[in-house]
Amino acid sequence: MTEPNHAYDPREHSRVLLDGPDRAAARAMLKAIGFTDEDLAKPIVGVGTTWIETMPCNYNQRELAEHVKAGIRAAGGTPMEFNTIAVSDGVSMGTEGMKASLVSREVIADSIELVARGHLFDGVVCVVGCDKTIPAAAMALARLDLPGLVLYSGTINPGVIRGKRDATVVTVFEAIGAYRAGKISLEELREIEDLSCPGPGACGGQFTANTMSTALEFLGISPGGLNGIPATDPTKLDAARRSGELVMELVNDGVRPSSIMTRAAIDNAIASVAATGGSTNGVLHLLGIAHELGIPLELEDFDRIADQTPIVASLMPGGRFTALDIHEAGGIGLVARELLKGKLLDGSTRNVDGRTLAEIADAAVETIGQEVVVAFEHPIKPTGGLAILRGSLAPDGCVVKLAGHEMRQFRGPARVFDSEAACYDAVRAQRIGPGDVVVIRYEGPVGGPGMQEMLSVTAALVGEGLGGDVALLTDGRFSGGTHGLMIGHVAPEAALGGPIAIVQEGDTVSIDVEARKLNLEVDADEVGRRLAAWSPPEPRYPGGVLAKYAALVSSASQGAVTTGARMTANLRRVQD
């Protein structure tokens, strides 16, 4: 653990709320629901969950919270449970509901911050599951800088179909495309639907939830080895209790998130995304976390780290195995062990459990014969699972996922759609053909608003057998379950007048991953004429939370955050 602060008062905040004659009314309110004078004389630790009955991802969190609270009580603290929202990407995918997903990250972070500040907690444990809840919790802890940690409630088990234990929700999305293409029957689709998601837990590949769970262990804000325990594994309850005990160690020693989530730890987290072929959403979320910490981080940092980091874990969607498989193989500590061999991590960074990353890697116990994590000397691929491109179509950058395909160059005619829904209709009608470059725009942070994911489109293309024959680019983003040549986060986005806004049907688009280029092959004078004639579309949402988000959010290249100087700069850009 980082050096304890012996001058730190474990009740620094709750003492102000609860001590002395003037705070009798506050104590009276809390006694009404069962707290005692003894309880209120101890450090108060908030236990925030994202439980909701709209998805399997967070469904076990009520039970986990009870065990976290038991750990806090046993270690001398008083827990107070609270909850916040969650939006399911998997359920809302392909509908207007998906626009709420990224927006929810900000609302979750804001609500955790507000409850912790409003009730003067001395520490916080965040129990998280689905995609946006994980980075949101880390962002909230960064803002609060209260002793605390994040516990991932665990991956779902893979579905078993015809004897193979490898089905995930992405299997269902791709089966929809196969059904539409006449490759499977409606009965086969229903079988896949019924068997792919067998119980509680977040989506089972190295999709966004498991990518961010991995990243937070490498970042140090999640206890080493505890996130990777699957949702239905009985030892997950022990992990929850241990998390409650650990947060009291942090509270008593005055260990703050800012001393854990350092720049070196962020670089370690980026390397974990690259080495596991993780979701490109990791770029967006780690930018957001760094922003809340006040740590400078740029897209080029991701490109640099990914370029020197080999893929050493064969995880879906680019590889063969699920999150359950890597847990059974020995856990993500094996990934850290291999990257440390190549001096690609800072092993001295600290974890909330008191160990260094190197110590966590040394403690990993490898299952004999496992095939999920390979040796650093013989990687699956020599460079990581993502790259940053720039060029005339993305002056401010974009992210391309490299895991799961071998395409490094592509050139073809643009097929242009002003929404994901319009593109999905074209895919369903089989109007997309080999060699096409599919362009989906006005789905960025401002234009969407909310930068919805494109899994319905990408999975349908894969299901139709076009995954290796088309490229897709968007100012929106992709699910971690996406594979193929998919380019997201194109910036500036169309709604702010980025070059993607003036691409026309049939224009030639060229992609060169080795050169890190994404270009529109249109004469510069013509581009200028088109931009001069362009005008922004009417906002899709004139009021409410989505309109508020669109007015505040920064570029995807800056993490799509809604606080700070970047927000101010973006507001000026919209006004101009």
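Throughout, residue positions are numbered sequentially from 1 according to the sequence presented.
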Worksheet item: Under the salt bridge (Lys or Arg N to Asp or Glu O under 4.0 Å) criterion, do Arg256 and Glu12 qualify, and how do the steps go?
Response: CA-CA 13 Å; Arg256 299 180 183 273; Glu12 176 185 16; 3.3 Å; yes
Discussion item. Just by distance, no angles: are the side chains of Thr383 and Asp307 close enough, under 3.5 Å, to form a donor-acceptor pair?
Written reply: no
Worksheet item: Hey, does the side chain of Thr211 reach the backbone of Ser279 with a donor-acceptor pair shorter than 3.5 angstrom?
Response: yes
Discussion item. I'd like to check Pro147 versus Val247 (side-chain heavy atoms, cut-off strictly below 4.5 Å). Are they in contact?
Written reply: no
Worksheet item: Is the side chain of Arg23 donor-acceptor paired with the backbone N or O of Arg27 at a distance under 3.5 Å, no angle test?
Response: no
Discussion item. Could you check whether any side-chain N or O of Asn60 sits under 3.5 Å from a backbone N or O of Ser153, counting only pairs where one atom can act as donor and the other as acceptor?
Written reply: yes
Discussion item. Under a 3.5 Å threshold, yes or no: a donor from one side chain and an acceptor from the other, between Ser258 and Asp145?
Written reply: yes
Practice prompt. Check whether any side-chain heavy atom of Gln370 lies under 4.5 Å from a side-chain heavy atom of Glu328, and answer yes or no.
Written response: no
Discussion item. For a 4.5 angstrom cut-off between non-hydrogen side-chain atoms, does Asp89 reach Cys130?
Written reply: no
Discussion item. If only side-chain N and O atoms count, and only distance matters, is there a donor-acceptor pair under 3.5 Å linking Tyr8 with Asn252?
Written reply: no
Fill in: Modelled atom types, side-chain donor and acceptor of Arg477 and Ser101, under 3.5 Å
yes
Fill in: OH/Tyr59: more than 12 non-hydrogen atoms of other groups inside 6.0 Å
no
Worksheet item: Under the salt bridge (Lys or Arg N to Asp or Glu O under 4.0 Å) criterion, do Arg11 and Asp19 qualify, and how do the steps go?
Response: CA-CA 10 Å; Arg11 296 188 64 237; Asp19 287 9; 2.8 Å; yes
Worksheet item: Should Gln61 and Thr50 count as side-chain neighbours, where that means a heavy-atom distance under 4.5 Å?
Response: yes
Worksheet item: In this structure, are over 12 heavy atoms from other groups packed under 6.0 Å from Glu38 atom CD?
Response: no
Worksheet entry | Side-chain heavy atoms of Thr54 within contact of Val87, under 4.5 Å | no
Item to complete: Go through the side-chain N and O atoms of Thr84 and Ser111 and say whether any donor and acceptor fall under 3.5 Å apart.
Response: yes
Worksheet item: Less than 4.5 Å apart, any side-chain heavy atom of Ile380 and any of Ser314?
Response: yes
Worksheet item: Can you check whether Val255's main-chain N or O pairs, donor with acceptor, with Asp253's side chain at less than 3.5 Å?
Response: no
Worksheet item: Between Asp303 and Ile388, is there a donor-acceptor pair closer than 3.5 Å when you use the side chain of the first and the backbone of the second?
Response: yes
Worksheet entry | Test item: side-chain donor near acceptor, Arg242 and His67, under 3.5 Å | no
Worksheet item: What's the verdict on salt bridge (Lys or Arg N to Asp or Glu O under 4.0 Å) for Glu113 and Arg117, showing C-alpha distance, side-chain angles and the deciding distance?
Response: CA-CA 6 Å; Glu113 178 189 4; Arg117 292 193 190 281; 2.9 Å; yes
Discussion item. Would you say that Glu245 contacts Ile72 through its side chain, given a criterion of any heavy-atom pair below 4.5 Å between the two side chains?
Written reply: no
Discussion item. Taking the ring of Phe207 and the ring of Phe478, is the distance between their centroids below 6.0 Å?
Written reply: no
Worksheet entry | Donor-acceptor contact below 3.5 Å, side chain Asn351 vs main chain Ile360 | no
Item to complete: Examine the side chains of Asn268 and Thr349 and answer whether a donor and an acceptor come within less than 3.5 Å of each other.
Response: yes
Worksheet item: Can you check whether Ile229 reaches Asp238 side chain to side chain, under 4.5 Å on heavy atoms?
Response: no
Item to complete: Take Glu63 and Lys236 through the test salt bridge (Lys or Arg N to Asp or Glu O under 4.0 Å) and record every step on the way to the result.
Response: CA-CA 10 Å; Glu63 184 178 21; Lys236 197 73 183 186; over 6 Å; no
Worksheet item: Is the side chain of Asp233 donor-acceptor paired with the backbone N or O of Pro230 at a distance under 3.5 Å, no angle test?
Response: no
Discussion item. Can a side-chain donor-acceptor contact be found between Asn157 and Thr232 if the only test is distance below 3.5 angstrom?
Written reply: yes
Fill in: From CD (Glu53) to CG (Asn58), nearest 0.5 Å
12.0 Å
Worksheet item: For the side chain of Asp267 and the backbone of Ala264, is there at least one donor-acceptor N/O pair under 3.5 Å apart?
Response: no
Discussion item. For Gly48, is there any backbone N or O sitting under 3.5 Å from a side-chain donor or acceptor partner on Glu81?
Written reply: no
Worksheet item: Val352 and Ser222: which non-hydrogen atoms are nearest, and at how many Å?
Response: CG2-C, 3.8 Å
Item to complete: Return yes if some donor-acceptor pair links the side-chain N/O of Asn83 with the main-chain N/O of Thr49 below 3.5 Å, else return no.
Response: no
Discussion item. Looking at Glu366, I'd like to know if its CD atom is crowded, meaning that more than 12 non-hydrogen atoms belonging to other residues, nucleotides or ligands lie closer than 6.0 Å.
Written reply: yes
